[in-house]
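Notes follow once the structure below has been shown.
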Number of protein chains: 2
Amino acid sequence: MTAILEAAERTLGRDPAATMEQIAEAAGVARTTVHRRFATREALVATLAVWATERFAAAVEAARPDTAPPLVALYQTTVNVLSVKADWGFAMGEAADPEAERILAAVRDTCERLLRRAQTAGVLREDVDVEWTRGVYYALIHQAAQSRDGRDTGALATLVVDTLLRGAGTGRPDRL
Amino acid sequence: MTAILEAAERTLGRDPAATMEQIAEAAGVARTTVHRRFATREALVATLAVWATERFAAAVEAARPDTAPPLVALYQTTVNVLSVKADWGFAMGEAADPEAERILAAVRDTCERLLRRAQTAGVLREDVDVEWTRGVYYALIHQAAQSRDGRDTGALATLVVDTLLRGAGTGRPDRL
DNA sequence: GGGAATTGCATCACTCATGTTGCATGTTAT
DNA sequence: ATAACATGCAACATGAGTGATGCAATTCCC
């Protein structure tokens with residue numbers, strides 16, 4: 001059951017237009033077996049969307065983003081998300097499902113709450129746009145997820161947070 | 001001709017599995033007309049990949065990334081790319097075509113050369129990984145391209161470069 | 001061991017995107 | 001005006017993915 005969902009996540013993550021046949025093959029079962037669990041392709045995708053999104057939300061929540069110190073929460077959230085999301089690609093795409101969309105919006109709120117806490121704590125600059133920053137944070141995680149050349153998840157998370165906070169510049173006054 | 005390619009870029013950018021019908025509709029022509037220009041879907045995609053990639057490469061090259069001062073080149077490249085790429089999504093995905101792949105690799109090299117020049121000039125930290133930084137730069141442009149809420153392209157480019165160089169943090173010593 | 005459930009396999013009907021063609025219409029250049 | 005060309009439209013053939021079903025083999029539980 002979850003084996004099929006995992007295979008579907010992997011397969012659809014690479015190619016959103018993958019066939020049921022390919023998904024079944026990735027799961028190591030016959031195509032008809034997939035159809036017995038999920039009546040239609042649409043149903044499979046909907047279930048997958050909710051399932052993957054819930055795992056994602058759980059990973060975020062486990063980092064105590066609303067209570068832990070902002071920097072710790074930021075780092076831990078990154079680690080958790082990077083561990084859970086092997087490919088990430090799917091759960092974040094267009095949600096295809098209202099329930100998944102709802103969960104995703106909740107996570108988005110949590111994330112922006114965390115960033116605002118970080119701002120208050122003096123970790124983030126006051127003049128940055130929180131929405132933009134959240135987008136950048138997501139993009140960095142995505143980038144990290146698909147460029148881990150054998151790198152350890154912890155190191156990857158450090159890279160993400162470091163890049164988010166410090167950027168790549170020297171900070172010299174020779175600004176743009 | 002280019003009208004069809006533009007429509008295809010828009011349509012496939014949103015949904016990579018879009019049908020010829022949808023592309024034709026977006027271009028304001030009949031489906032058969034599209035088939036008269038491009039024998040097969042595969043041919044259309046291949047042509048589009050090369051076409052879009054060439055526009056992308058031209059936009060980068062026009063910023064003189066190898067000769068202009070690093071910061072200027074970085075900013076101008078960002079502006080150019082953001083102007084050309086309404087949706088970006090397509091030309092950057094898996095290239096589907098060896099020729100497009102070749103051009104993309106060339107741009108990638110140009111970009112990393114620019115970043116190394118920036119490093120030498122003291123704009124970028126010496127300890128950052130250039131490949132990672134390029135990935136982050138791409139991700140930021142992508143992020144910017146799909147979150148411009150009426151923002152001006154110049155402002156968007158400033159945001160991208162600023163985020164890339166400074167990040168979102170305050171730089172206080174209360175590091176992770 | 002007996003029975004229930006699950007799976008693989010073969011098969012079939014159905015839908016839909018793709019690609020082709022013929023014909024009529026409209027546009028452009030000479 | 002007329003010839004060349006491009007387009008829209010309708011129709012058709014084809015192939016592939018989808019979804020359903022019957023049957024035999026298997027695994028698992030009592």
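Below, chain A is the first sequence line, B the second, and so on; all start at residue 1.
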Presence of A/Thr33 side-chain N/O under 4.0 Å of C/dT7 phosphate oxygens OP1/OP2: no
Atom-to-atom span, CD of A/Glu42 to P of C/dT15 - whole angstrom: 17 Å
Between C1' of D/dT18 and CD of A/Glu21, the distance in whole Å: 11 Å
Any donor-acceptor pair under 3.5 Å from B/Gln22 side chain to B/Thr19 backbone: yes
Test item: A/Arg37 side-chain N/O and A/Ile4 main-chain N/O as donor-acceptor pair under 3.5 Å: no
Provide a list of protein-nucleic acid N or O atom pairs under 3.5 angstrom, restricted to nucleotides 20-28 of chain D.
{"residue": "D/dG22", "atom": "O6", "partner": "A/Arg36", "partner atom": "NH2", "Å": "3.1"}

Length of the CZ-C1' vector between A/Arg41 and C/dT15, whole Å: 15 Å
Flag, side chain of A/Arg117 to backbone of A/Pro65, donor-acceptor distance under 3.5 Å: yes
A/Leu12 CG to D/dG17 C1', straight-line distance once rounded to whole Å: 14 Å
Expected output: side-chain A/Thr77 to main-chain A/Ala63 donor-acceptor under 3.5 Å: no
Bending between helix ends of the helix from C/dG1-D/dC30 to C/dT30-D/dA1 [5 pairs per end, 10° resolution]: 30°
Polar side-chain atom of B/Gln119 near backbone of B/Val128 as donor-acceptor pair, under 3.5 Å: yes
Hydrophobic cluster identity match, B/Phe56 and B/Val50, side-chain contacts under 4.5 Å: no
Nearest-nucleotide pick for B/Thr19, side chain only, options being C/dT18, D/dG17, C/dG8: C/dT18
Short N-O contact, B/Glu131 and B/Arg134, less than 4.0 angstrom: no
For atom CD of A/Glu25 and atom P of D/dT18, their distance in whole Å: 14 Å
N/O donor-acceptor pair under 3.5 Å between A/Thr11 side chain and A/Ile23 backbone: no
